[in-house]
Amino acid sequence: MHAAPVKTTTAVPPDGGSRTLNGWLCAVSIIAACVAAVLASILWQTPYPLSEGVALLEDVADASSFGFLLPLRTYYRPLYHLSLYTAWHASRSPEAFVATARLMQIAPVAILLVLFIVRLRPRTVVDAAAATLGVAVLVGSAAFLDNLEIPLTYTTVGMPLLLAAWMLTERTARPAGAWLFVALAVLAVGFKEQGLVLLPVIIAAWWTKAPGVSRTTAAWMVGIGVAYVGLRLSQSARWAPFEQDIGFGFQVLPAAEAAARFGRFPLGVYAYNAASTIANVLFAEPTAGVFSITRAMLHGSAVPWQYIYLLSSGCLTGLLAWWGVRCVRRAWATGWDAESRTVVILAVALAASGALSFNYSRDRLGGMALVPYAVAAFYAVRAALVALSRAGVLRAVTVATALLLLAAAWQTRVLHTFDGARKRAADNHREWITALYQRRAEFAGRPYFERLLDELSPQGSQRPAVTPLRYPAWVRDLLGPS
Amino acid sequence: MRKQLNSATVTASLLLVPAILTALAVAALEAGRVRTPHDPLFAAPPPASLAQALLDGDVEAAYALVRGSQDLNATLDIQLPGAPDGHVSRVTPLTIAVAARDLNDVQMLLSAGADMTLPENRAALCLARARGYSEIVTLLATAAAGEPPCPAPAPD
């Protein structure tokens with residue numbers, strides 16, 4: 001009989017331990033609540049956009065038409081369109097609809113943050129410090145900001161659904177029935193195909209012996225995935241090789257040019273797009289497939305925020321790698337636990353998000369993988385703090401300083417998320433007051449579109465109270481583009 | 001053991017500081033914006049006139065003035081960018097926007113109802129053509145339903 005190896009991290013059961021409210025949970029919750037409240041305030045004052053917003057409404061404006069339920073297009077979001085349809089036709093006025101659209105973006109973000117705090121459940125000052133950095137990673141990542149776009153709530157809905165499903169897999173009390181996982185998966189996929197990430201995450205949880213998921217549930221996930229992918233691929237003959245412009249190296253290729261260059265054998269570019277999305281989550285580079293920060297550095301024109309993004313993401317990913325190796329070694333020796341399962345779930349979520357973005361890479365497509373990335377950040381920072389307690393003085397000071405700089409860097413990214421949301425509000429307003437004339441000309445003869453422009457232009461033409469803050473130039477250089 | 005616990009605890013306590021400061025900062029900024037919306041941190045000083053807003057490229061401020069009482073087809077006395085010192089022209093806001101080469105301002109004025117049948121506004125198209133602002137020319141020509149003949153430039 002061998003002695004159980006000493007755990008090198010403070011492994012806390014995911015929902016075990018005391019269920020009573022504790023001070024550190026309250027403290028982290030208050031900090032997150034501040035962030036959530038201000039974000040909600042900005043989103044609440046954001047005008048409904050002209051460009052994509054009105055086009056989406058045109059799809060659902062005809063009350064008698066439910067064509068959006070059929071998988072005839074390259075994108076298929078039946079539940080999203082259904083939610084938009086319901087919001088539009090149930091609203092008594094355009095103002096009521098805009099308010100509903102804003103709530104449809106605010107609510108999932110709030111639920112995500114609540115679930116995130118509950119998932120981490122900090123109990124000590126070490127937990128609290130790691131949790132606040134986890135929140136900063138979640139809110140400060142480019143994938144989060146890129147998904148904060150009214151009314152494009154697709155992935156914003158998928159992210160809390162993934163987290164909820166993941167938390168259910170860790171339940172030690174009576175496991176949830178397969179029907180609940182199926183419902184969450186259908187919801188996530190119905191809003192956007194990025195929701196498919198939920199399926200391999202649940203399967204991976206089962207494979208690593210998560211207590212709350214059964215073989216039946218895993219089988220259901222496989223079945224749903226196979227059926228859905230089969231349904232979509234049955235329509236794929238009509239798809240263009242590239243639906244949107246793609247980033248490639250240091251340049252952007254229009255879709256037509258990309259098709260001309262790579263259409264015969266697009267698999268290489270598909271792999272590049274997938275890798276770009278994964279790398280964006282892990283290293284903040286490339287963005288939409290373009291190595292813009294690297295290009296700026298090569299040209300000697302990089303500004304401080306670009307270094308902050310690259311270093312904060314790179315260092316955090318390095319920390320995750322250190323933590324991940326330790327976790328996996330521990331898992332091989334003593335079996336999987338919630339912390340070590342996070343490593344596998346992160347890897348699976350990254351791979352799935354990358355695979356689903358094969359056609360083009362955008363920051364927002366990493367949103368589903370961002371959730372386990374932020375949870376992993378919590379565990380990694382917590383492990384680093386615990387390891388710190390056994391280090392010598394010089395090493396302890398060095399690591400402590402590095403962690404402090406890492407935390408500060410991620411908090412500046414949180415500030416940029418706020419400014420990015422404000423900028424989007426200002427951009428939406430600007431678009432209404434500048435592009436309305438051309439849109440009317442361009443879409444003349446489309447009665448639903450013209451009617452929507454008439455009904456929504458008053459709210460878009462009103463100047464929003466939120467605009468980007470007029471920081472001094474040196475602050476803008478630190479925070480990021482606005 | 002106490003020493004080991006303290007280094008982790010001290011570091012963790014320090015790690016909370018950036019998070020607390022950020023939460024306080026965003027809350028304070030939002031509260032400040034609500035209480036003093038015209039503070040320079042939140043809003044640029046209002047332009048002195050519609051002409052100034054257009055020359056500054058502040059399309060939002062220009063639009064606010066147009067939505068107010070400013071007649072966007074009325075002529076204004078102004079020295080246009082590129083004009084000799086002291087040379088004041090009587091032009092419409094659309095012409096000012098063209099002279100400033102601001103596509104956003106031009107689009108905004110058209111969206112707000114700039115009347116391209118007026119000779120003063122058609123002069124904006126001529127100005128854009130003379131200066132080679134092709135994007136603006138295309139936009140104004142579409143709005144004018146064609147490109148009207150422009151007067152020959154005056155001899156120096």
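Protein chains get the first letters and strands the later ones, always in sequence-line order, with residue 1 at the start of each. Not measured: the values here are computed from a predicted model.
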Quiz item: Is it true that atom CZ of A:Arg395 has more than 12 heavy atoms of other residues, nucleotides or ligands lying nearer than 6.0 Å?
Solution: no

Item to complete: Look at atom CD of A:Gln462 and say whether more than 12 heavy atoms of other residues, nucleotides or ligands are closer to it than 6.0 Å.
Response: no

Nearest 0.5 Å, please: how far is [atom2] in [Y] from [atom1] in [X]?
X: B:Glu30; Y: A:Arg422; atom1: CD; atom2: CZ; result: 6.0 Å
X: B:Asn104; Y: A:Arg430; atom1: CG; atom2: CZ; result: 5.0 Å
X: A:Leu469; Y: B:Phe42; atom1: CG; atom2: CZ; result: 6.0 Å
X: B:Leu16; Y: A:Leu133; atom1: CG; atom2: CG; result: 10.0 Å

Using a 4.5 Å cut-off on heavy atoms from C-beta on, say whether the side chain of B:Pro18 contacts that of A:Trp410. no

(request) Evaluate the criterion side-chain contact (heavy atoms from CB on, under 4.5 Å) for residue pair B:Ser111 and A:Trp432; output intermediate values, then yes/no. (result) CA-CA 9 Å; B:Ser111 294; A:Trp432 276 105; over 6 Å; no

Taking every non-hydrogen atom, the tightest pair across [X] and [Y]:
X: B:Glu60; Y: A:Ala426; answer: OE2-O, 4.4 Å
X: A:Tyr437; Y: B:Leu110; answer: CD1-O, 3.7 Å
X: A:Thr132; Y: B:Ala19; answer: CB-CB, 3.6 Å
X: B:Ser7; Y: A:Ser389; answer: OG-CA, 3.4 Å
X: B:Ala23; Y: A:Cys34; answer: CB-CB, 3.8 Å
X: B:Arg33; Y: A:Gln45; answer: NH2-NE2, 3.2 Å

Would you mind checking which part of [X] comes under 4.5 Å of any heavy atom in chain B, side chain (CB onward), backbone (N, CA, C, O), both or neither?
X: A:Val466; value: both
X: A:Ala136; value: neither
X: A:Val414; value: side chain

Pair count under 4.5 Å, heavy atoms only, with chain B: among A:Val38, A:Ile433, A:Leu404, highest is A:Ile433

Most heavy-atom pairs under 4.5 Å with chain B, out of A:Ala465, A:Ala435, A:Ala396, belong to A:Ala465

When you measure from the side chain of A:Arg470 to the backbone N and O of B:Pro40, does any donor-acceptor pair fall under 3.5 Å? yes

- Message: Pair A:Gln438, B:Thr142 - check side-chain contact (heavy atoms from CB on, under 4.5 Å), show working.
- Response: CA-CA 10 Å; A:Gln438 282 174 292; B:Thr142 306; over 6 Å; no

Of the listed B:Ala27, B:Ala43, B:Ala31, the one with the largest count of heavy-atom pairs under 4.5 Å with chain A is B:Ala43

Only one of A:Leu385, A:Leu406, A:Val126 passes side-chain contact (heavy atoms from CB on, under 4.5 Å) with B:Leu15, and that residue is A:Leu385

Exactly one of A:Val135, A:Leu415, A:Thr412 clears side-chain contact (heavy atoms from CB on, under 4.5 Å) with B:Thr22, and that residue is A:Leu415

Whatever's closer than 4.5 Å to a heavy atom in chain A on B:Leu103 counts as neither

